[in-house]
Structures are given as structure tokens and as C-alpha cells.
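A short worksheet on the structure shown next.
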Amino acid sequence: MEGKLLLLKIYEKRERILFFLLLLAAEVLGLTMISFLIYWCTQYEHGGYRGFTFEKKKSFSLHPFLMVLGLVYFYGHAALAYRVVPKVQKLILKIVHASLNFAAICCVSIGLSAVFRFHNSTGRSDFHSVHSWIGIITCTLFALQYVMGFLGFLFPKFPEKMRAFLLPIHQYVGQLVLILTAATVISGCQTMLPNTFSQESVLLIWIAILVVSFFAVVLYLVTSPRFKRTEQPSYSDAINQ
């Protein structure tokens with residue numbers, strides 16, 4: 001019996017080491033992706049301007065930066081919230097999950113506003129590409145997902161049976177948003193590729209590859225049963241014990 005317990009502990013330790021190695025890989029991919037994106041936004045002209053500003057005719061760079069920061073980096077970390085520290089009361093993890101998603105919503109709101117302002121100031125159409133349509137569908141799903149998740153699972157919380165029914169849907173839509181976000185970024189990079197192959201082309205291709213790689217690791221960590229969290233007693237359960 002003691003031998004089996006020892007083997008189980010060794011297995012669990014090995015699994016946690018593997019998890020944190022994959023998490024480290026995700027962090028490296030995510031930070032590299034953001035660094036490359038900042039470099040692209042500040043070193044190459046978009047609409048005749050470079051860098052970050054809220055001026056209408058110069059605001060385009062805010063759009064790719066904030067959309068990737070929100071829907072890729074923050075949203076990806078929100079998905080990982082339940083895996084990074086599994087032995088924590090679920091309420092705390094829900095608050096962390098909701099906070100990261102709220103940060104993503106703030107980034108997305110400003111990022112969308114920036115591109116709409118830029119288009120309006122330059123006389124361009126808002127929905128003229130596959131990228132724009134996939135993007136708006138992704139943002140709409142993300143917003144609905146956040147509202148349903150907040151009301152249903154955090155405050156005021158739906159009844160237990162309804163939450164049990166909604167949880168698989170919530171998880172599926174969350175993963176779908178990750179996939180749609182990757183598709184949106186890829187199509188956005190394709191849209192911004194210069195007519196002739198250049199250093200900027202290579203940079204945009206690598207940004208797309210990094211986004212896909214980051215999401216691939218995140219999806220594996222989120223969906224793999226081997227990394228599923230162990231349920232901990234809630235605050236109310238602890239009080240009642």
C-alpha cells in the first residue's frame with residue numbers, strides 16, 4: 001500500500017513538473033509574441049504613421065496591439081487560471097478568471113474603438129474583409145461568454161442544475177473563442193502583409209506562428225485530463241465543517 005502511495009506521489013510530481021514546463025513554454029511564446037508585435041507597431045508605418053496614439057488618423061497601431069494583448073494574452077491566461085494553482089478555493093480562481101477576462105474586455109473595447117476611429121477618419125469601410133467579419137463574430141461571442149459566465153457562475157450565480165447544464169457550453173464556447181481568435185490574427189496578419197516580401201513580412205508571419213503556438217500549448221493545458229484541478233472545499237463548506 002505504501003509502495004502504491006509513493007508511486008502515486010512520484011507520478012503527481014512528474015505531472016506538475018511537465019505542467020510547469022509547458023506553462024513556461026506558453027509564457028515564453030506569449031511574451032515573445034507581444035514583443036514582436038510592439039516592435040512591428042512602432043517600427044513600421046500603418047496608414048502613414050507608426051507608434052501608439054489616440055489621434056484618429058494615427059490610432060491604427062492600437063488596434064492590433066490591444067486586440068492581441070486582450071484576446072490572446074489575457075484571455076489565454078484566464079483560461080489557465082484553474083490549472084496554474086489547482087489547490088485553491090474555487091471562488092478565488094473564479095475571481096482571478098473573471099478579472100483577467102475583464103482586462104481582456106477593456107483591451108478589446110479600446111482596440112475596436114481605435115480601428116473604427118481610424119477607418120472613419122480615413123473614409124475606409126469597417127467591414128471590408130474576412131478578418132473584420134471573423135473578428136467581430138469572435139468579439140461578440142467573447143462578450144456573450146463573459147456575461148453568461150459572470151452572471152451564471154460568479155454573481156448572482158444560477159441554480160446548481162442550471163450551472164451544471166451551462167458549464168460544458170461555457171467551456172466549449174471558451175475554446176471556440178480561442179480558435180476563432182487565432183483565425184482572426186492569422187487573417188489580420190495576411191491582410192497587413194506588404195505587396196513584396198520583406199523583413200516586415202517575416203515579422204508578421206512569425207507573429208501569427210507565435211499566436212498559434214501559444215494557443216496550442218494553452219489548449220493542451222486546459223483540455224488535458226492529466227492537468228485537471230482537484231476540487232477544493234468552498235468557503236461556505238469550510239465554515240459549515
Side-chain angles (χ1 to χ4, degrees), residues 19 22-38 40-41 61-86 90 92-115 131-154 166-189 207-224 227-229:
F19 174 85
L22 290 171
L23 180 64
L24 177 62
E27 292 300 332
V28 171
L29 289 168
L31 292 173
T32 305
M33 166 190 71
I34 295 298
S35 300
F36 279 20
L37 187 60
I38 291 174
W40 178 70
C41 289
S61 292
L62 285 172
H63 172 68
F65 172 68
L66 289 173
M67 299 303 283
V68 171
L69 182 65
L71 275 177
V72 178
Y73 193 76
F74 284 142
Y75 188 68
H77 282 79
L80 290 171
Y82 291 98
R83 298 290 188 268
V84 176
V85 279
K90 201 166 187 178
I92 296 174
L93 296 178
K94 284 182 179 181
I95 293 172
V96 172
H97 180 72
S99 300
L100 287 168
N101 275 315
F102 180 73
I105 281 184
C106 291
C107 290
V108 169
S109 300
I110 300 172
L112 285 176
S113 173
V115 76
H131 166 74
S132 58
W133 281 103
I134 296 178
I136 205 66
I137 291 170
T138 303
C139 291
T140 302
L141 273 178
F142 171 55
L144 292 174
Q145 167 84 340
Y146 183 79
V147 171
M148 184 187 79
F150 189 92
L151 296 178
F153 300 99
L154 187 59
L166 287 176
L167 182 59
I169 300 173
H170 183 68
Q171 292 172 335
Y172 168 75
V173 174
Q175 294 167 23
L176 178 61
V177 169
L178 286 175
I179 295 169
L180 287 174
T181 298
T184 304
V185 173
I186 292 169
S187 60
C189 289
I207 289 171
I209 290 172
L210 287 166
V211 168
V212 172
S213 301
F214 174 77
F215 274 159
V217 178
V218 169
L219 274 173
Y220 179 71
L221 292 174
V222 168
T223 59
S224 177
F227 302 130
K228 189 174 181 180
R229 74 182 294 272

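Here the structure is a predicted model, which is why all the values come from computation and not from measurement.
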Practice prompt. Could you label the plane-to-plane angle of the His170 and Phe153 rings as parallel, tilted or perpendicular, counting under 30° as parallel and over 60° as perpendicular?
Written response: tilted
Atom pairs and distances, side-chain donor-acceptor, residues 181-188, under 3.5 Å, sequence neighbours left out:
residue	atom	partner	partner atom	Å
Thr181	OG1	Val177	O	2.7
Thr184	OG1	Thr138	OG1	3.4
Thr184	OG1	Leu180	O	2.8
Ser187	OG	His131	ND1	3.3
Ser187	OG	Ala183	O	3.1
Ser187	OG	Thr184	O	2.9

Item to complete: Test side-chain contact (heavy atoms from CB on, under 4.5 Å) on Leu29 and Met33 and set out the steps.
Response: CA-CA 6 Å; Leu29 289 168; Met33 166 190 71; over 6 Å; no
Worksheet entry | Flag, side chain of Tyr82 to backbone of Lys90, donor-acceptor distance under 3.5 Å | no
Practice prompt. State the SG-CG distance between Cys139 and Leu144, to the nearest 0.5 angstrom.
Written response: 11.0 Å
Discussion item. Please report the interatomic distance NE2(His97) to CG(Leu80), rounded to the nearest 0.5 Å.
Written reply: 10.5 Å
Worksheet entry | Test log, rule side-chain contact (heavy atoms from CB on, under 4.5 Å), inputs His77 and Val218 | CA-CA 8 Å; His77 282 79; Val218 169; over 6 Å; no
Discussion item. Restricting to side chain to side chain contact (heavy atoms under 4.5 Å, CB included), what partner residues turn up for Ile105, sequence neighbours left out?
Written reply: Ser109, Phe142, Tyr146
Worksheet item: Say you draw a straight line from OG of Ser99 to CG of Leu154; how long is it, rounded to the nearest 0.5 Å?
Response: 8.5 Å
Worksheet item: Going through the checks in order, is the side-chain contact (heavy atoms from CB on, under 4.5 Å) test met by Phe74 and Asn101?
Response: CA-CA 7 Å; Phe74 284 142; Asn101 275 315; over 6 Å; no
Worksheet item: Between Phe227 and Tyr220, how do the two ring planes meet: parallel, tilted or perpendicular, split at 30° and 60°?
Response: perpendicular
Discussion item. Side chains of Tyr73 and Val68, heavy atoms from C-beta outward: is any pair under 4.5 Å?
Written reply: no
